[in-house]
Amino acid sequence: MARILITSAIPYINGIKHLGNLVGSQLPADLYARFQRGRGNEVLFLCATDEHGTPAELAAAKTGEPVDEFCTRMHEVQADIARRFGLSFDHFGRSSSPQNHKLTQHFAGVLADNGLIREVDEKQVYSNADKRFLPDRYIEGTCPNCGYDKARGDQCENCTKQLDPTDLIDARSAISGSTDLEVRATKHLYLRQSALKDDLDAWIDSKKDWPILTTSIAKKWLHDGDGLRDRGITRDLDWGIPVRRGDDDWPGMEGKVFYVWFDAPIEYIACAGEWAEANGRPDADWERWWRTDKGADDVRYVQFMGKDNVPFHTLSFPATILGSGEPWKMVDHLKSFNFLNYDGGQFSTSQGRGVFMDQALEILSADYWRWWLLSHAPESSDAEFTWEGFQADTNKDLADVLGNFISRITKFCRSKFGEAVPGDGAYGPDEAALIADLTTKIRNYETHMEAMEVRKSAQDLRAIWVVGNEYLQSTAPWVTFKSDPDRAAAQVRMGLNLIRLYAVLSAPFIPDAAARMLSAMNTLDTTWPDDVNAALTALPGGHEFSVPDVLFAKITDDQREDWQTRFSGVRD
RNA sequence: GGGCCUGUAGCUCAGUUGGUUAGAGCAGAGCGCUCAUAACGCUUUGGUCGUAGGUUCGAGUCCUACCGGGCCUACCA
């Protein structure tokens, strides 16, 4: 039995994620986790909320809550939505956890001991009105290049020119609008990534099977200009992990916290500790997933994320681990995704454009979304969500191909044989051919799932569903029944066994529907079909079942138009 | 500006190291079936593979230029 550690990029605490965020990390990670569990492998699937940084402080200030209370509340909101989407995290942690505080401070300490931290005196813009240092993009002003009056301190989004905050004319705080800004001296810690460049380069080079998207981004950062640059890992904020050197104070760094991108990936590790604590397990139980000196040698570690997260996972976090010199498990495969667009534009959290996870669940159950998003996962390029496509695809795949198959065979059986699997007759050449066909298709499905080829896996699964309809059409038990009832009985028995098989195979994509299928078939047998022949005799003659309700109701044109209108604007 | 990704039938996408008549699903057309959520099955119409050159016996696949879409570019996360 293989052991597989899976992490999804941790969603930022500030607000509810949209469908584009979901399909880029948590959902495919869940697909893979469910698949690996289904095959009988040992899985630890971790996710968490990423809670530190300026936007969290500002969002809390907006609601009037203390930032820690805001984060606690939003964590629960996100955890609840994740549950309702069927995201099967073994633990959904928090980057603000005590475990992460300790571990982040630990890493900073050992990196300093190894000579990989340097202190840098620098100047940053400080807003007297806001009483805080402002990140470049929180400073607005008039672009000296094109005159656009809402240029940000890092770049003018009108003329795309790269800017320095001090370039801006009439610079003001993007938070308060105050122009009472000054340049202040401050001191920060930098991680000497440049010293680890060759190690990182060699490490990336050794990853031959990673998506091009992943390695090309990493290579760009490694070789652009003078090569990989050192990176500031501290910030002048109140909310975050206090800068400490292991268990000791860090003289000169009082009142500062670690940069959110330093502590967020470390939460992948800390989250395992939270998982152990939450389940009353000893430290050894999580360390065997993360410490190669404590049993993690045979763990395969896979990360899922959107392309915007790649540099931090291919460079910063590995630099933290390599630089520590400690035997932490490093990522084996990094699956990255492009973005999902919404009806001709981008999904946007800041602008409230698109469909957000909570809204999606208000109108349809999770499986509709899971199926469509995964079968259109933006793997090779950005993908496009349209309501027409969503309606057409889910109606065809889920209602017609899969749902109707279940409906027709269960209802036919009920009318001719009653609600129990008919035991007469035996499988013959038709069934042997079906089993051979299914075996080939299931092995393809497994291969693509194993390789995290999400869209191809969805196509494979759909093809497996189609086989059921083809089988019924060609054997026509409704005809056979009139001349050879025993033969019809065997055909119906096969059809009912296909439902159980489909439930097992489909569970990673559509877990709720799979559970309803198993429930209707009155079985708890979720054995993975390594042996397809055996899988199709699992429900014996006499086994009682029930005809399930409609598995997937179709999306009507009226519904689609209604939703199209409702989600055409922006959310408040 | 630089780097990378991308442009294949009306739509969404496959096309392995260049190799005979470019594939799938949906939509469209025809036929069949009637167990079923008017569902299913079979057959079938659509493409000179963004444009222009080049390499090659042979290019959707490699090279160059150009046009279009996208992402990143290190202090948002």
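Per chain, numbering begins at 1; letters A, B, ... match sequence-line order.
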**Q** Send over the distance from A:Phe552 CZ to B:A36 C1', rounded to a whole Å.
**A**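 Computing the A:Phe552:CZ to B:A36:C1' distance gives 17 Å.
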**Q** Extract the stems that RNA chain B is part of, considering only consecutive pairing runs of at least three Watson-Crick or G-U wobble pairs, both distances under 3.5 Å.
**A** B:1-7 with B:67-73, B:10-13 with B:23-26, B:28-32 with B:40-44, B:50-54 with B:62-66
**Q** Checking A:Thr475 now: which residues fulfil side-chain hydrogen bond (donor to acceptor under 3.5 Å, both in side chains) with it, not counting sequence neighbours?
**A** none
**Q** With rounding to the closest Å, how many angstrom separate the P atoms on B:G10 and B:U48?
**A** 8 Å
**Q** When you check the glycosidic angle of B:G69, does it come out syn, meaning within 90° of 0, or anti?
**A**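 B:G69: anti.
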**Q** Nearest whole Å is fine: how far is B:G25 P from A:Asn395 CG?
**A** 19 Å
**Q** Please work out if A:Val492 contacts a base, only the sugar-phosphate, or nothing of the nucleic acid, heavy-atom cut-off 4.0 Å.
**A** nothing
**Q** Write down the distance between OH (A:Tyr471) and C1' (B:C42), rounded to a whole number of angstrom.
**A** 19 Å
**Q** Separation of A:Leu402 atom CG from B:U37 atom C1', in whole Å?
**A** 12 Å
**Q** Tell me every residue that passes side-chain hydrogen bond (donor to acceptor under 3.5 Å, both in side chains) with A:Glu431, counting only those two or more places apart in sequence or in another chain.
**A** A:Tyr471, A:Arg487
**Q** Check the angle between the aromatic planes of A:Trp372 and A:His376 and answer parallel, tilted or perpendicular using the 30° and 60° thresholds.
**A** parallel
**Q** Without decimals, in angstroms, what is the distance between A:Lys554 NZ and B:A36 C1'?
**A**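 The answer, rounded to whole Å, is 11 Å.
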**Q** With sequence neighbours excluded, tell me which residues meet side-chain hydrogen bond (donor to acceptor under 3.5 Å, both in side chains) with A:Tyr268.
**A**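 Partners of A:Tyr268 under the side-chain hydrogen bond (donor to acceptor under 3.5 Å, both in side chains) test: A:His313.
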**Q** What residues, two or more places apart in sequence or in another chain, satisfy ring-ring contact (aromatic ring centres under 6.0 Å, His included) together with A:Phe317?
**A** none
**Q** Grab the CD1-C1' distance between A:Ile406 and B:C35 for me, whole Å please.
**A**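 Taking CD1 of A:Ile406 and C1' of B:C35, I get 15 Å after rounding.
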**Q** Do we see a donor-acceptor contact under 3.5 Å between the side chains of A:Asp164 and A:Thr166?
**A** yes
**Q** Among all residues two or more places apart in sequence or in another chain, which pass the ring-ring contact (aromatic ring centres under 6.0 Å, His included) test with A:Trp371?
**A**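 Applying ring-ring contact (aromatic ring centres under 6.0 Å, His included) to A:Trp371 gives A:Trp465, A:Phe509.
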**Q** Report the residues that fulfil side-chain hydrogen bond (donor to acceptor under 3.5 Å, both in side chains) with A:Thr320, sequence neighbours left out, ordered by chain and then residue number.
**A**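 None.
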**Q** Which is true for A:Arg462 with a 4.0 Å heavy-atom rule: it touches a base, it touches only sugar-phosphate, or it touches nothing?
**A** sugar-phosphate
**Q** Please write out the pairs of protein N or O atoms and N or O atoms of nucleotides 74-77 of chain B separated by less than 3.5 Å, giving the distance to one decimal.
**A**
from  : atom 1 : to       : atom 2 : distance (Å)
B:A74 : N7     : A:Arg229 : NH2    : 2.9
B:A74 : N6     : A:Trp221 : O      : 3.2
B:A74 : N1     : A:Arg229 : N      : 3.4
B:C75 : O4'    : A:Arg235 : NH2    : 3.4
B:C75 : O2'    : A:Asp136 : OD2    : 2.9
B:C75 : N3     : A:Gln124 : NE2    : 2.9
B:C75 : N4     : A:Gln124 : NE2    : 3.0
B:C76 : OP2    : A:Arg137 : NE     : 2.9
B:C76 : O4'    : A:Arg137 : NE     : 3.2
B:A77 : OP1    : A:Thr54  : N      : 3.4
B:A77 : O3'    : A:Asp50  : OD2    : 2.6
B:A77 : N7     : A:Trp261 : NE1    : 3.0

**Q** For A:Arg370, enumerate each residue passing the salt bridge (charged side-chain N to carboxylate O under 4.0 Å, His left out) test, keeping only those at least two apart in sequence or located in another chain.
**A** A:Asp30
**Q** Nearest whole Å is fine: how far is B:G41 P from A:Gln491 CD?
**A**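 About 17 Å, once rounded to whole Å.
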**Q** What nucleotide, of B:A36, B:C42, B:A27, holds the atom closest to the side chain of A:Arg408?
**A**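 That would be B:A36.
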**Q** Give every pair of a protein N or O atom and an N or O atom of nucleotides 8-16 of chain B that lie under 3.5 Å apart, one pair per line with the distance.
**A**
from  : atom 1 : to       : atom 2 : distance (Å)
B:C13 : O3'    : A:Arg455 : NH2    : 3.4
B:A14 : OP1    : A:Ser380 : OG     : 2.6
B:A14 : OP1    : A:Arg455 : NH2    : 2.4
B:G15 : OP1    : A:Lys456 : NZ     : 2.8

**Q** What's the gap between B:C40 and B:C4 when it is taken at their C1' atoms, as a whole Å value?
**A** 45 Å
**Q** Could you please name the option among B:A39, B:U37, B:C35 that lies closest to any side-chain atom of A:Asn404?
**A** B:A39
**Q** Taking the six-membered ring for Trp and the single ring otherwise, decide whether the centroids of A:His75 and A:Phe92 are under 6.0 Å apart.
**A**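 Ring-ring flag for A:His75/A:Phe92: true, centres closer than 6.0 Å.
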**Q** So what does A:Leu551 touch, heavy atoms closer than 4.0 Å: a base, only the sugar-phosphate, or nothing?
**A**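 Contact class for A:Leu551: base.
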**Q** Examine A:Phe347 together with A:Phe356 and report whether their ring centres are nearer than 6.0 Å.
**A** no
**Q** Output every pair passing salt bridge (charged side-chain N to carboxylate O under 4.0 Å, His left out) with a member in residues 383-397 of chain A, not counting sequence neighbours, ordered by first then second residue.
**A**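 Checked against salt bridge (charged side-chain N to carboxylate O under 4.0 Å, His left out) - neighbours excluded - the pairs reaching residues 383-397 of chain A are A:Asp397-A:Arg462.
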**Q** By a strict heavy-atom criterion of less than 4.0 Å, which residues belonging to residues 473-481 of chain A are in contact with RNA chain B?
**A** A:Gln473, A:Trp478
**Q** Should A:Lys411 be listed as having a side-chain N or O under 4.0 Å from OP1 or OP2 of B:U37?
**A** yes
